[in-house]
Amino acid sequence: KKIVAALAALAICAMALVTPALAQDKKFTIALIPGLTTDGFYITMRKGAQAAADALGVTLVFQGAPDFNPVTQVPVLDAVIAKKPDAILIAPTDKVQLVEPLRKAHDAGIPVITVDTFIGSGVYQTGAGEADFPLSYIASDNILGGEIAARALAKAIGDKGKVYVSNVKPGISTTDQREEGFKKEMAANHPGITVLETQFNDNDANKAASQLQAVFARNPDLVGVFGANLFSALGAANGVQQAGQTGTVKVVAFDAPTSIVDNINTGLVDVAIAQHPAEIGYFGVVSAYAHLTGQSIPVAIGTGFTIMDKANIADPNISKYLYSE
Ligand code: T6T
């Protein structure tokens, strides 16, 4: 009897010793706050995040606003913070306006990782203290993406003529950097190309379409447009079609919704630059989990691009990067 009691006591002690070490037995809840909920880019990111959550036994909460706007995103963030998730992954809709709202999460002890977009300079954990508190930034290299777009558009227009950037609004890290990379490449290596004033469409494809027609009316010698995100690109392409300029005004699109396939096949869009949002979501969850279980994580993780055009769009190894609906 004594031996049995001693063994039982030993077992209880052993459990007490072992349990705290198995922190990963806790079911973590990770929140993913997208730029907006109804965008194929973030829908695809969610799928990647869910795949990682399933693999790791994590609960993923996806909560966002219906439009890409700090005014609607901040209340969503506040509601998420109030529920005290173990970590927050977020695509901040403005470099500056999301700093203080996110600091609240940080001050509440909730680790923050930004996905797709960044706050401040996007360089985190530097000790600078301004907006460097997120643990990691996981995204495409958007300056490089802009450079790729510039080279593709330059090629499509024979390296000469007038073009412009159809963009969302200033203050969004991703689209700002795409425009920066585009202009840098044009200025450095394409002297025959004139880049006209950027048109900002507030993520409204209809607005981007009318802007295309207005720019074309003022510049009948317009030869190209770079749509710096999904809605800018779809809108600009629609504008080109409505102006009867398919194939004459060349379109390079950032992002790859399924509807881009038809646009590429009809020649309305020359090149689409697909990001890998599923990869961003997957690594977001894995990074948060690694941090929560005591591992150190990289301060930045870069994901890739797939360049789509008429010659490769039928290839399943390429079309698998089209976004989900
Ligand atoms: O281009 C993506 C994303 O990278 C950007 O930050 C906002 O727009 C998209 O979601 C596409 O609509």
Side-chain angles (χ1 to χ4, degrees), residues 32-49 62 64-70 72-73 76 89-98 113-119 122 137-146 148-149 165-182 198 200-209 226-238 251-260 263 269 271-281 283-284 300-308 321-325:
L32 170 58
I33 304 176
L36 73 165
T37 48
T38 55
D39 174 339
F41 175 83
Y42 295 111
I43 293 169
T44 311
M45 183 187 289
R46 178 189 189 170
K47 281 196 167 179
F62 182 79
D67 56 355
F68 196 97
N69 190 337
T72 47
Q73 190 181 41
V76 172
L89 308 176
I90 183 169
T93 45
D94 188 278
K95 279 185 283 203
V96 176
Q97 293 183 54
L98 264 292
I113 290 175
T114 76
V115 286
D116 176 44
T117 44
F118 60 70
I119 52 170
Y137 170 51
I138 306 172
S140 309
D141 179 338
N142 286 290
I143 294 189
L144 174 66
I148 294 172
V165 182
S166 175
N167 210 342
V168 183
K169 61 185 156 199
I172 305 168
S173 71
T174 46
T175 47
D176 282 357
Q177 288 194 325
R178 290 169 202 161
E179 182 174 335
E180 184 189 330
F182 181 87
T198 296
F200 292 106
N201 55 52
D202 291 318
N203 224 22
D204 177 345
N206 291 329
K207 204 163 163 184
F226 166 40
N229 86 331
L230 194 152
F231 301 99
S232 307
L234 282 186
N238 286 342
V251 180
V252 168
F254 218 86
D255 292 312
T258 47
S259 60
I260 210 83
N263 288 343
V269 168
V271 169
I273 300 164
Q275 303 185 73
H276 294 177
E279 216 170 293
I280 297 174
F283 282 98
I301 297 178
T303 56
F305 296 116
T306 295
I307 315 297
M308 302 175 169
Y321 290 105
L322 288 164
Y323 302 169
S324 306
E325 306 258 296

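Counting convention: from 1, in listed order, for ligands and their atoms alike. The first residue in the sequence is number 1, and the count goes up from there. Because the structure is a prediction, the values reported are computed rather than measured.
Contact annotation: for Val168 versus ligand 1, there are no heavy atoms closer than 4.0 Å. The part of Thr174 lying near ligand 1 is the side chain, judged by heavy-atom distances below 4.0 Å. Contact annotation for Arg178 and ligand 1: only side-chain heavy atoms (C-beta onward) come within less than 4.0 Å of the ligand.
The aromatic rings of Phe305 and Phe254 sit perpendicular to each other, their planes meeting at more than 60°, with 30° as the lower class boundary. Ring planes of His276 and Tyr321: parallel class, angle under 30° (limits at 30 and 60°).
Formation of a donor-acceptor pair under 3.5 Å by the Tyr137 side chain with backbone atoms of Asp116 is found in this model.
Near Phe231, the atoms of ligand 1 lying under 4.0 angstrom from a non-hydrogen atom of the residue are 12 (O). Every atom of ligand 1 is numbered from 1 in the order shown, and the set under 4.0 Å from a heavy atom of Phe41 is 2 (C), 3 (C), 4 (O), 10 (O). Residue Leu230 has at least one heavy-atom neighbour below 4.0 Å for each of these atoms of ligand 1: 11 (C), 12 (O). Within the listing of ligand 1, atoms 6 (O) sit less than 4.0 angstrom from a heavy atom of Thr117. Ligand 1 places these atoms under 4.0 Å from at least one heavy atom of Gln275: 1 (O), 2 (C), 3 (C), 4 (O).
Counting heavy atoms of neighbouring residues, nucleotides and ligands inside a 6.0 Å radius, atom NZ of Lys169 exceeds 12 of them.
Remark: minimum distance from atom 10 (O) of ligand 1 to any protein heavy atom is reached at Asp39 OD2, 2.7 Å. Ranking the protein heavy atoms by distance from atom 2 (C) of ligand 1 puts Asp255 OD2, 3.5 Å first. Ranking the protein heavy atoms by distance from atom 8 (O) of ligand 1 puts Asn229 ND2, 3.0 Å first. At the top of the distance list for atom 3 (C) of ligand 1, counting protein heavy atoms only, stands Asp116 OD2, 3.3 Å.
Asn229 pairs in a side chain to side chain donor-acceptor pair (under 3.5 Å) with only one of the listed residues (Thr175, Thr174, Asn203), which is Asn203.
Contact check for Val76 versus Ile33: side-chain heavy atoms found under the 4.5 Å cut-off.
Contacts of Thr38 classified as side-chain contact (heavy atoms from CB on, under 4.5 Å), with partners at least two apart in sequence or in another chain: Leu36. Every residue two or more places apart in sequence or in another chain was checked for a salt bridge (charged side-chain N to carboxylate O under 4.0 Å, His left out) with Asp67, and none qualifies.
Heavy-atom distances between Gln177 and ligand 1 stay at or above 4.0 Å for every pair. Taking 4.0 Å as the cut-off, Phe254 does not count as a neighbour of ligand 1 on heavy-atom distance.
The pair Asp176-Lys95 meets the salt-bridge criterion, since a charged nitrogen lies less than 4.0 angstrom from a carboxylate oxygen.
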